[in-house]
Amino acid sequence: MELNHETIDTPPRDSASVVMLRDGAQGLEVLLMRRHADSAVLGGAYVFPGGKVDAADASADLLAGLDQPPALLHARLGEPGLTAQQAAAFFVAAAREAAEESGLLLLQRGNDEIALHSADACARLRAGEALAALLAAHGARLDTDALAPWSRWITPRRPSVMNKRFDTRFFLAAAPPAQPTQIDDFEVTEARWLTPRAALQQYRAHEIDMAPPQIVSLLHLMQYRDVAHAMADARSRTPPLIEPQPVETAETRVLCYPGDAEHAVPQRALPALVPTRLLWRNKRFEPPEGFAPFLDSVQR
C-alpha cells in the first residue's frame with residue numbers, strides 16, 4: 001500500500017461495514033476479507049465486509065421486510081440528523097453487503113433452514129436480484145436486530161491509503177451458526193477468520209495489508225473476551241464518531257484520533273487501551289511505540 005497525497009474535495013459517500021465475529025478456540029475471532037487486487041478501493045487489502053449504501057436500501061418494500069421498525073433502528077444508530085428511513089438503510093446495506101461478500105445471511109428464520117438456503121440466496125443477490133424480492137421469496141425478514149452499531153468513521157479530505165472518501169457506519173454481528181463463509185471470488189478473493197491479535201501480527205509481519213480503520217478496530221476488539229462481551233458493549237453506548245485528522249511532520253504522516261493532543265476533539269472516542277494516533281513507518285501505519293506493547297505482552 002502507498003501513502004496518498006491527494007486532497008479530495010467531494011463529499012464522503014455513505015457506506016456500511018459489518019465486523020463479523022465468532023468464538024474460536026483461541027478466543028474472539030473476526031472475519032477479514034481480501035479485496036481483489038484490481039479493486040479501485042483498497043485493492044489487495046484485508047477489510048471487513050461492506051460497501052456503499054444504495055438508494056434501494058431505503059425503499060418502502062425493503063423497509064417493510066425488516067424485523068424492527070425504522071424508528072427503533074434510528075434510535076440505535078444515534079444520529080438525530082438522519083431520518084428513520086436513512087438510518088434503516090445503513091442496517092440494510094450492512095446486511096446486504098455482508099451476504100454478497102461473505103455468504104453470511106442475516107435472516108430471522110430458523111438457523112438450520114437459513115443455512116440450507118444461504119448459498120443460493122447469496123448467489124441470487126450477487127447476480128443482481130433485489131433483496132426485497134429475495135426476502136419475499138423466503139417469507140423472511142431481515143435480521144437487523146443482529147447488527148449492533150459500533151462506530152462511525154469519516155475519511156479525511158486527505159485519505160491515507162486511497163483516493164476516495166467514505167462515511168462508514170461499522171456494525172458488530174455474530175456470524176450466523178451453521179452458515180459457512182462463501183466469498184464472491186470477484187470483489188473478494190480470500191477470507192480469514194483470525195483473532196484480533198493474530199490479524200495484527202500478520203499485518204506487522206507484512207503478510208497482509210490493512211487500512212487504519214481496520215487496524216484501530218482490531219486494537220479495540222482485543223479488549224473483548226468473546227462475542228457476547230463485544231455485542232453487549234456495543235449495545236450499551238452510542239457509536240463514537242471518528243474523524244481522523246492527518247498531521248504532516250518532517251519525517252512522516254501522523255493520523256490523530258479524538259482525544260489526541262493534535263486532534264480538535266479533546267475527548268477520547270475509543271477505550272484507553274486504543275492509541276489515539278498512528279504513524280506511517282516502513283510502509284505501515286502503526287502506533288508510535290510500535291505493536292510490541294499490544295501484541296507481545298501476555299494475552300489479556
Side-chain angles (χ1 to χ4, degrees), residues 10-20 41 48-111 113-154 164-174 176 179 184 186-187 231 234-235 238-239 241:
T10 53
R13 177 73 187 268
D14 284 336
S15 63
S17 188
V18 182
V19 183
M20 198 70 74
V41 178
F48 308 125
K52 296 184 290 292
V53 178
D54 293 338
D57 294 328
S59 69
D61 286 348
L62 194 43
L63 297 187
L66 306 184
D67 64 316
Q68 302 293 337
L72 177 60
L73 301 179
H74 185 218
R76 289 180 179 177
L77 201 60
E79 296 185 42
L82 298 177
T83 67
Q85 290 72 23
Q86 288 171 327
F90 283 101
F91 285 79
V92 172
R96 175 180 53 75
E97 288 285 345
E100 291 176 1
E101 293 188 352
S102 72
L104 298 174
L105 193 60
L106 299 173
L107 296 183
Q108 279 210 336
R109 291 187 70 177
N111 289 326
E113 187 174 0
I114 293 172
L116 286 174
H117 300 288
S118 62
D120 172 68
C122 291
R124 290 163 63 182
L125 273 178
R126 292 165 183 162
E129 184 167 343
L131 180 56
L134 193 64
L135 292 174
H138 282 275
R141 292 186 176 272
L142 199 64
D143 189 6
T144 60
D145 200 44
L147 294 162
W150 193 44
S151 61
R152 176 186 178 189
W153 286 71
I154 301 179
K164 297 180 185 295
R165 298 185 67 207
F166 295 95
D167 187 347
T168 306
R169 279 67 168 186
F170 287 84
F171 297 82
L172 298 189
Q179 286 192 41
D184 64 9
F186 177 67
E187 291 187 23
M231 296 294 290
R235 296 189 191 283
T238 300
L241 171 61

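The basis for the numbers below is simple: all heavy atoms, side chains too, and nothing from hydrogens, waters or symmetry mates.
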Q: How about Pro176 and Leu105: do any of their side-chain heavy atoms sit closer than 4.5 Å?
A: no
Q: Can a salt bridge be assigned to the pair Asp145 and Arg76 using a cut-off of 4.0 Å between side-chain N and carboxylate O?
A: yes
Q: For the CH2 atom of Trp150 and the OG atom of Ser17, what is their distance to the nearest 0.5 Å?
A: 10.0 Å
Q: Does the side chain of Leu131 come within less than 4.5 Å of Leu142's, by heavy atoms?
A: yes
Q: Taking Val92 as the fixed residue, which of Asp54, Val53, Asp57 is the one that meets the side chain to side chain contact (heavy atoms under 4.5 Å, CB included) rule?
A: Asp57
Q: Minimum heavy-atom separation for Pro239 and Leu77, please, with both atom names.
A: CD-O, 3.7 Å
Q: Out of the candidates Leu72, Leu106, Asp143, only one should pair with Asp67 under the side chain to side chain contact (heavy atoms under 4.5 Å, CB included) rule; please name it.
A: Asp143
Q: Can you see which heavy atom on Ala173 is nearest to which on Leu147, and at what distance?
A: CB-CD2, 4.0 Å
Q: Nearest 0.5 Å, what's the NZ-NZ distance between Lys164 and Lys52?
A: 7.5 Å
Q: Write down the atom of Phe90, the atom of Asp167, and the distance for their closest heavy-atom approach.
A: CE2-O, 4.4 Å
Q: Minimum heavy-atom separation for Thr83 to His74, with atom names?
A: O-CD2, 3.8 Å
Q: Heavy-atom distance under 4.5 Å between the side chains of Arg152 and Glu79, does that happen here?
A: yes
Q: Checking side chain to side chain contact (heavy atoms under 4.5 Å, CB included) for the pair Phe91/Leu66: CA distance, chi angles, key distance, verdict?
A: CA-CA 10 Å; Phe91 285 79; Leu66 306 184; 5.9 Å; no
Q: Working to the nearest 0.5 angstrom, can you tell me the gap between Gln179 CD and Cys122 SG?
A: 7.0 Å
Q: Which heavy atom of Ala121 sits nearest to which heavy atom of Leu134, and what is that distance?
A: O-CD2, 3.5 Å
Q: Check Leu82 against Arg169 and note the closest heavy-atom contact, atom names and distance.
A: CD1-NH2, 4.0 Å
Q: Output the distance between atom CZ (Arg124) and atom CD (Glu100), rounded to the nearest 0.5 Å.
A: 13.5 Å
Q: Atom CD1 in Ile154, atom CG in Asp14: separation rounded to 0.5 Å?
A: 9.0 Å
Q: Does Arg141 use its side chain to pair, donor to acceptor, with the backbone of Leu135 at less than 3.5 Å?
A: no
Q: Under 3.5 Å, is there a donor-acceptor pair between the side chain of Gln85 and the main chain of Pro70?
A: no
